[in-house]
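Keep in mind that what you see is a predicted model, and the values were worked out from it rather than measured.
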Protein chains: 2
Amino acid sequence: MCDQADTKNLSVGAWTKRCYFAGRALMDERLRPFDLGSTQWYVLWYLVNNGPSVQRDLGRALELERATLSGIIATLVRKDLVAQTSDGGDQRQRLLTLTAAGEALWRRIPDLSFIHDAAFGRIDEADLATTIRVLKSATERLQTLLRKD
Amino acid sequence: MCDQADTKNLSVGAWTKRCYFAGRALMDERLRPFDLGSTQWYVLWYLVNNGPSVQRDLGRALELERATLSGIIATLVRKDLVAQTSDGGDQRQRLLTLTAAGEALWRRIPDLSFIHDAAFGRIDEADLATTIRVLKSATERLQTLLRKD
DNA sequence: CGATTATCGTATGGTAGCGAACGAATTGAC
DNA sequence: GTCAATTCGTTCGCTACCATACGATAATCG
């Protein structure tokens with residue numbers, strides 16, 4: 001967004017947006033036959049790899065706000081891919097488990113790691129490290145400014 | 001998202017997301033007193049710097065889909081910040097102009113360039129260039145894969 | 001123990017983004 | 001000149017994200 005602005009630094013933000021949305025668009029496209037969104041895929045992925053989990057842990061791992069995750073879970077429950085129960089422990093928490101339909105769907109979904117390989121696989125290790133460092137420090141600075149005046 | 005996944009390359013995507021949303025969140029926070037979203041700000045910014053513009057050009061400059069821009073314009077028109085007219089030329093196109101209220105609001109909004117300065121200002125030029133190159137090539141590869149099978 | 005504080009999930013309302021389908025207008029091919 | 005293809009904007013339905021406010025449950029402090 002706004003490459004033509006005064007400082008060339010703005011273009012970092014522009015490419016950050018482009019890259020983020022291009023990745024999401026590709027995931028969404030490949031998941032469309034399964035009627036699944038990219039973030040919904042991440043939730044299933046987490047449950048497959050970590051087993052039944054509490055909503056709170058899932059939100060922290062995927063860095064999603066409670067409200068955001070709540071909506072995504074509601075969608076997955078509506079599609080009968082995930083079940084939301086109480087495990088008898090902390091009554092505030094909800095335990096999420098894959099349903100049989102959810103597991104069956106997951107087995108039908110092809111591997112999506114080619115997306116990350118295609119995007120970053122051929123890039124030099126040192127350049128990747130630099131990119132991560134730049135994005136990380138920029139993010140930290142932005143978050144420091146947030147609500148800190 | 002998903003830092004704990006198998007390949008470390010995944011974390012580039014995670015930081016891309018983090019950085020993008022951190023920047024947007026900061027813009028949104030600073031614009032909240034003016035009841036303006038970050039993308040709405042970009043539209044006003046474009047009109048201020050380029051004068052009355054056709055919706056099509058604005059969409060291309062900001063890289064927004066027609067449908068996305070249409071919604072944003074509708075919001076700005078509802079707030080009486082932007083007016084949508086026909087300029088007598090191509091009858092399919094709509095000319096966008098800032099209203100008096102839009103110009104008045106723009107004058108009240110503080111400069112937001114500090115956001116980009118804070119995020120990327122202190123980063124080494126060479127590292128910035130590397131980051132842009134990595135993000136650009138990743139984006140291009142992703143877009144090549146999109147709908148090309 | 002009781003009252004305050006913190007945490008978890010939900011609900012609401014908003015912005016931002018995309019795909020698909022549509023009508024209207026323009027352009028191009030023949 | 002007519003008909004097909006393209007372009008422009010809108011609308012609809014959807015995902016995803018956040019802030020805010022709320023109720024319910026835990027944890028803590030007195």
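Taking atom CG of residue L31(A) and atom C1' of nucleotide dC14(D), one finds them 15 Å apart after rounding to whole Å. Atom-to-atom, CD of E65(B) to C1' of dG13(D) comes out at 16 Å; the value is rounded to the nearest Å.
Residue contacts shown for G59(B) are absent, as no nucleic acid heavy atom lies under 4.0 Å away. R94(B) comes within 4.0 angstrom of the backbone, heavy atoms only, and of no base.
Between dC8(D), dG9(C), dT26(C), one nucleotide has an atom nearer to the side chain of R56(A) than all others, and that is dG9(C). In the set dG17(C), dC17(D), dG9(D), dG17(C) carries the atom at the smallest distance from any side-chain atom of Y20(B).
At least one side-chain nitrogen or oxygen of S70(A) sits closer than 4.0 Å to the OP1 or OP2 atom of dT10(C). Between Q55(A) and the phosphate of dT10(C), there is a side-chain N or O to OP1/OP2 separation shorter than 4.0 Å. A close approach under 4.0 Å does not occur between any side-chain nitrogen or oxygen of Q93(A) and OP1 or OP2 of dA24(D).
The base of dG9(D) does not come close enough to the side chain of R92(B) for any donor and acceptor atom to sit less than 3.5 Å apart.
Grouping the Ile, Leu, Val, Met, Phe, Trp and Tyr side chains by contacts below 4.5 angstrom, directly or via other members, places V54(B) apart from Y42(B).
Residues L69(A) and A25(A) both approach DNA chain C. Their nearest nucleotides, taken by heavy-atom distance, put L69(A) toward the 5′ side.
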